[in-house]
**Q** 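Here it is, the structure, as structure tokens.
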There are 2 protein chains.
Amino acid sequence: MKLVFLGTGGSYPTPHRNVPCTALKYEGEVLLFDCGEGSQRQLMRSSLSFMQVSKIFITHFHGDHFLGIPGLVQSMNMNDREDRLDIYGPEGTVSLLKDLLSKGYFGAGFPIHLTELKPQARLDLDDYQISTFQTDHDVPSFGYSFKERDKKGRFDRKKALELGVPEGPLFSRIHDGEPVEVDGKIIHPEQIVGPPRRGKKIVYTGDTRPSQNTIEASNRANVLIHDSTLDSSMSDRAMERGHSSTVMAADLARKVGVERLFLTHISPRYTDGKELEDEAREVFEESTVPDDLFEIEL
Amino acid sequence: MKLVFLGTGGSYPTPHRNVPCTALKYEGEVLLFDCGEGSQRQLMRSSLSFMQVSKIFITHFHGDHFLGIPGLVQSMNMNDREDRLDIYGPEGTVSLLKDLLSKGYFGAGFPIHLTELKPQARLDLDDYQISTFQTDHDVPSFGYSFKERDKKGRFDRKKALELGVPEGPLFSRIHDGEPVEVDGKIIHPEQIVGPPRRGKKIVYTGDTRPSQNTIEASNRANVLIHDSTLDSSMSDRAMERGHSSTVMAADLARKVGVERLFLTHISPRYTDGKELEDEAREVFEESTVPDDLFEIEL
């Protein structure tokens, strides 16, 4: 599982940062959270392929969060994509994107499914769940939580053989949590299988003031990716505009106790993220202001 | 007057080339010919300011030629633009762009005038004319010709004084082509003013097969910017897809006798333009395959 920060800027691009797009590579697929203009080119510059993108999750309809979709779709089309693409977003997603994707001459030759979600929706997908939570911005907007399914505990093969369980189908029955009888003796899964391993949890806020909903959604998160548009001296201005400052995001992360915080949606006024990162770290040590194309294995 | 090649690729971007956008800086304004996704960021990387863009001319509605407009408009808006923006394009421009620019939450706070042009239209603007000409692509598409107004000939101040013309209002009357009487003697403008100086002419084709219309439109052009999607070994394929190859474009330029040829809309399959340029130069010496952000004073 790998996070790739494709666009860490906010509002409009600069030569240093593109507009919002965060990719999560999970197994064979790539999920995008927001997809601002130029995201396809950022994908091309990264270790990911734009053709692997299977799902796009849009937080809200400010241009910097969704205007990369039609160009990405045209490029997928020109590269003979056949796989379905799913696009999720808040109310209005279906009509807006249907319309946007029918402009000009580049209708997709592959299926695109558009889904409108409510805040507090939960999608049960193959190996993970996606939940939405209402955020506090100046237009309808929500964040997403990605939660990998919990995994079975580790199977102790050596212990199983010691207890006389023969290699074969009984192994997987025990691993699946079923007690089995061997030579008249009941073997309980707990004797051989470790505790379930918690799936990773990643929370992406999109644009927001610090909010109680984000605090709740981030409970036990491994990674929180939070709006951090302005520096600490401009917290009031951030609030006025529906955003957060570095220290506000760091303070929230500290309260929740997430493992790591990534600060994004950096205003075009900053070229270097170092000072922003420093002030966030004074509040919450595990804070990072990633540059575009920064990636991390989880 | 300065040409800046903001996006020299075609169809979809690569890390090396962005999708089509060519800027012409003329006096205080910047004209864009096509405006693919990411053009605003290319402007930010160039010597031009995206806020100076006064007019955008779209050749056709394949995504790589116009999808940069809404993001550019949002950014202008966020930077408190007040000046009018004019956008011109072929049939369908008004409804398509009106619709595109009303998506999401970023209505422009400055006036945007949308104008639908016919092929062979002519716009008389302040110091230049813009004409359109039908090109030969697989969807309705046309090219643009920019023609600077011819300028008055040079005024020979020394000669004027020698002929007894006193410095003052008579100078400008003569410069404007009016014969004047000085000490009972008629002074004709031709005695003092050189021949009118031809305004510069720049022709931009957008996507096209080699075409008779382009030949006619390029008559006496200083610069021709022509589709050159593929190399000479793939001329047939270029034709099939409504494009030109390097040698086709060079051959046309040689026939017309333009001063300089710039080859653009380079397919994503090429990373380096050197070989393409070499084969074009064998046919027409003054051929250049510009990289993105290449600029030239005219």
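What you see below is based on every heavy atom in this structure, not just the backbone, and it leaves out hydrogens, waters and symmetry mates.
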**Q** Does the pair A:Asp138/A:Arg241 count as a salt bridge with the N-to-O cut at 4.0 Å?
**A**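 So A:Asp138 does not pair with A:Arg241 through a salt bridge.
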**Q** Among B:His65, B:Met44, B:His60, single out the residue with the greatest number of heavy-atom pairs under 4.5 Å to chain A.
**A**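 Ranked by heavy-atom pairs under 4.5 Å with chain A, first place is B:Met44.
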**Q** Tell me, for A:Asp64 versus chain B, whether the close heavy atoms (under 4.5 Å) come from the side chain, the backbone, both or neither.
**A**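 Both backbone and side chain.
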**Q** Say whether A:Arg17 and A:Thr8, considering side chains only, have a donor N or O and an acceptor N or O under 3.5 Å apart.
**A**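 A:Arg17 vs A:Thr8: donor-acceptor pair found between side chains.
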**Q** When only pairs under 4.5 Å are counted, which of A:Gly92, A:Pro268, A:Gly36, A:Pro140 shares the most heavy-atom pairs with chain B?
**A**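 Maximum pair count with chain B is reached by A:Pro140.
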**Q** Let me confirm one number: the CG-NE2 distance from B:Asp291 to B:His16, rounded to the nearest 0.5 Å.
**A**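 NE2 of B:His16 is found 10.0 Å from CG of B:Asp291.
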**Q** Could you give me the CA-CA distance, side-chain angles and deciding distance for B:Leu6 and B:Leu43, then say whether side-chain contact (heavy atoms from CB on, under 4.5 Å) is met?
**A** CA-CA 7 Å; B:Leu6 295 167; B:Leu43 277 159; 3.6 Å; yes
**Q** Taking side chain as everything from C-beta outward and backbone as N, CA, C, O, which of these in B:Ser39 sits under 4.5 Å from a heavy atom of chain A? Side chain, backbone, both or neither.
**A**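 Backbone of B:Ser39 only, per the 4.5 Å heavy-atom cut-off to chain A.
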**Q** When the ring planes of B:Phe57 and B:Phe33 are compared, do they come out parallel, tilted or perpendicular, using 30° and 60° as the limits?
**A**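 Ring orientation, 0 to 90° scale: parallel.
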**Q** What part of A:Ser46 gets within 4.5 angstrom of chain B, counting heavy atoms only: side chain, backbone, both, or neither?
**A**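 It is neither, since no heavy atom gets under 4.5 Å.
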